Amino acid sequence: MTMASVPSVPSVPSVNSSAAAAFRRHIDVAPTGVWSAPGRVNLIGEHTDYNGGYVLPFAIDRRTDVAASRRADGIVRVVSLQKPDDVVTADVAGLRPGDRRDWSAYVLGTVWALRDAGLDIGGMDLVVDGGVPVGSGLSSSAALECAVALAATELHDIEISREALARISQRAENDYVGVPCGLMDQMAVSVCRAGHALFFDVRDDVREYEPFAPEESGFALLVIDTRAQHAHSGGEYAARRRSCEAAAARLGVPSLRDISVDQLIDALAELDDEELRKRTRHVVTENARVLTARELLRARKLSELGATLTASHMSLRDDFEVTCPELDLAVDTALNSGALGARMTGGGFGGCAIALVAADAAPVVSSQVEQAFANSGFRPPKIMVPNVADGVLRIA
Ligand code: GLA
C-alpha cells in the first residue's frame with residue numbers, strides 16, 4: 001500500500017487583507033493579526049461523520065478572514081464587512097447559548113465555547129471578511145468559527161492543537177448556535193493541507209492526508225452551486241441523525257460505523273422499518289465508498305474515481321433522501337455531458353454538487369449544466385473550480 005504523504009505545516013504568507021484595512025477604519029489602529037480559514041468541499045463520505053464513519057473533504061481557496069486585537073475591558077466587539085451596519089458587542093463573561101441567532105452567533109458561540117473549555121479568553125475587537133459563500137454547503141460557518149478560534153487563542157497566547165480547535169468550534173455550532181452537525185467541517189477547515197484531501201476516521205480519530213490535485217493529472221473538479229436553499233437546522237438533518245441512531249440502537253451497536261458491508265444483508269434483515277433500512281444501507285455503503293476513493297487517490301487513479309462518486313449520489317438520493325431537484329439535475333446533466341462522476345456534497349437539500357471532468361471538458365459540462373438549469377426555470381447556478389487549499393492559519 002502506498003503511504004500517504006504528510007505535507008508540511010503551512011507557512012504564514014504576508015497579504016493585503018481587506019479585513020485588516022477595515023479594522024483600521026473601524027478601530028483606528030492596525031490589528032494585531034489576521035487569521036484566515038477556508039471553506040471545504042467533501043469529496044465523498046456524506047452523513048457518515050455523525051455515524052462515527054469516514055469522510056474525505058478538502059479545503060478550498062474561498063476563505064474567511066478575521067482581523068483581531070485584544071481589548072482590556074472584557075468586551076467582544078464584532079463587525080462584518082458583509083453586514084457593515086451591524087456592530088455587535090457582548091461581555092465575554094456573560095455569553096450564554098441562544099443569546100444571538102444571527103451571523104454573530106458563530107463568532108460569539110466560539111468565544112463562549114473556548115471559555116467553556118476553560119481557556120482564558122478576554123475581550124477582543126474582531127473584523128470579519130467572509131469570502132466563503134453563505135448557504136452553499138461550503139461550510140462558511142465552520143470557516144468563521146475556526147478563524148475566530150485561532151485568532152482568539154493566539155491573541156491570548158494559548159497553545160491549542162488544531163484538532164482541539166476543531167472540536168471547540170463544533171461545540172460552538174452544536175450548543176450555542178443549535179445546529180447538530182458532525183465534526184467533518186470544523187476538522188477539515190482546521191487541519192486540511194493544500195494539494196491533499198483529508199481522510200478522517202471519526203470513530204477512531206485517525207487522520208491521513210491523501211494526494212489530491214486534479215489539475216496535475218488533467219482533470220478538474222467542478223463545484224456547482226445550485227443556489228437552492230439548504231436548511232440543516234430546519235429539521236431534516238436532525239431527523240436523519242435520529243434515524244441513524246435509532247437503527248444503530250436496534251442493531252445493538254454504538255453507531256452504524258460498526259456495521260461492515262459484509263454484515264449489511266443480515267443487519268437489514270434485522271430492521272423491520274423500511275426507512276431505517278434505507279438510512280443504514282446508505283451509511284454502510286458510503287463508508288465503503290470512502291475507502292475505495294482513498295485507495296484511488298493514493299494510487300493517483302483519479303480516472304477511476306467517477307463511478308464511486310456517482311454511486312454516492314444515487315445512495316444519497318434514493319436511500320438517504322437528502323438531494324433535491326436542483327442537485328439531481330446538476331448531477332444528471334454533468335454525467336450526460338461527459339463528467340466521469342458527480343455527486344451532491346455537504347448536508348444536501350440544496351447547496352453544491354461536484355463533478356469530476358477531464359480538464360478540457362470543463363467548459364462544455366459547465367455550459368450544459370447552465371442550460372439545463374435555464375430550461376428548468378431554476379436560478380442560474382454558480383460554477384467554480386476551486387484550488388485545494390490549506391486549513392486555518394494566520395496570514396498577517
Ligand atoms: C453538514 C454537517 C457535517 C456533515 C455533512 C454531511 O455539512 O455540518 O457534519 O454531517 O453535513 O456529510
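None of these values were measured; they are calculated from a predicted model. Counting starts at 1 for both ligands and their atoms, following the listed order. For the single chain, residues carry numbers from 1 onward in sequence order.
Geometrically, ligand 1 and Y50 share no nitrogen or oxygen pair separated by less than 3.5 Å. At under 3.5 Å, not a single nitrogen or oxygen of M184, backbone or side chain, sits near a nitrogen or oxygen of ligand 1. For T48, no nitrogen or oxygen atom sits less than 3.5 Å from a nitrogen or oxygen atom of ligand 1, counting backbone and side chain alike.
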Only pairs under 3.5 Å count here: list side-chain donor-acceptor contacts from residues 361-370, not counting sequence neighbours, and write none if there are none.
residue, atom, partner, partner atom, Å
S366, OG, A362, O, 2.8
S367, OG, P363, O, 3.3
S367, OG, V364, O, 3.2

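Using a 4.0 Å heavy-atom cutoff, R40 is listed among the residues neighbouring ligand 1.
The ligand atoms of ligand 1 that sit less than 4.0 angstrom from a heavy atom of G182 are 9 (O). Remark: ligand 1 atoms within the under-4.0 Å shell around heavy atoms of D49 are 3 (C), 4 (C), 9 (O), 10 (O).
Other residues, nucleotides and ligands contribute at most 12 non-hydrogen atoms within 6.0 Å of the CD atom of E159.
Using cut-offs of 30° and 60° for the angle between ring planes, the F378 and F373 rings count as perpendicular. The aromatic rings of F320 and H282 sit tilted, their planes meeting at an angle between 30° and 60°.
Applying the side-chain contact (heavy atoms from CB on, under 4.5 Å) rule to A213 yields the partners E215, E216; only residues at least two apart in sequence or on another chain are considered.
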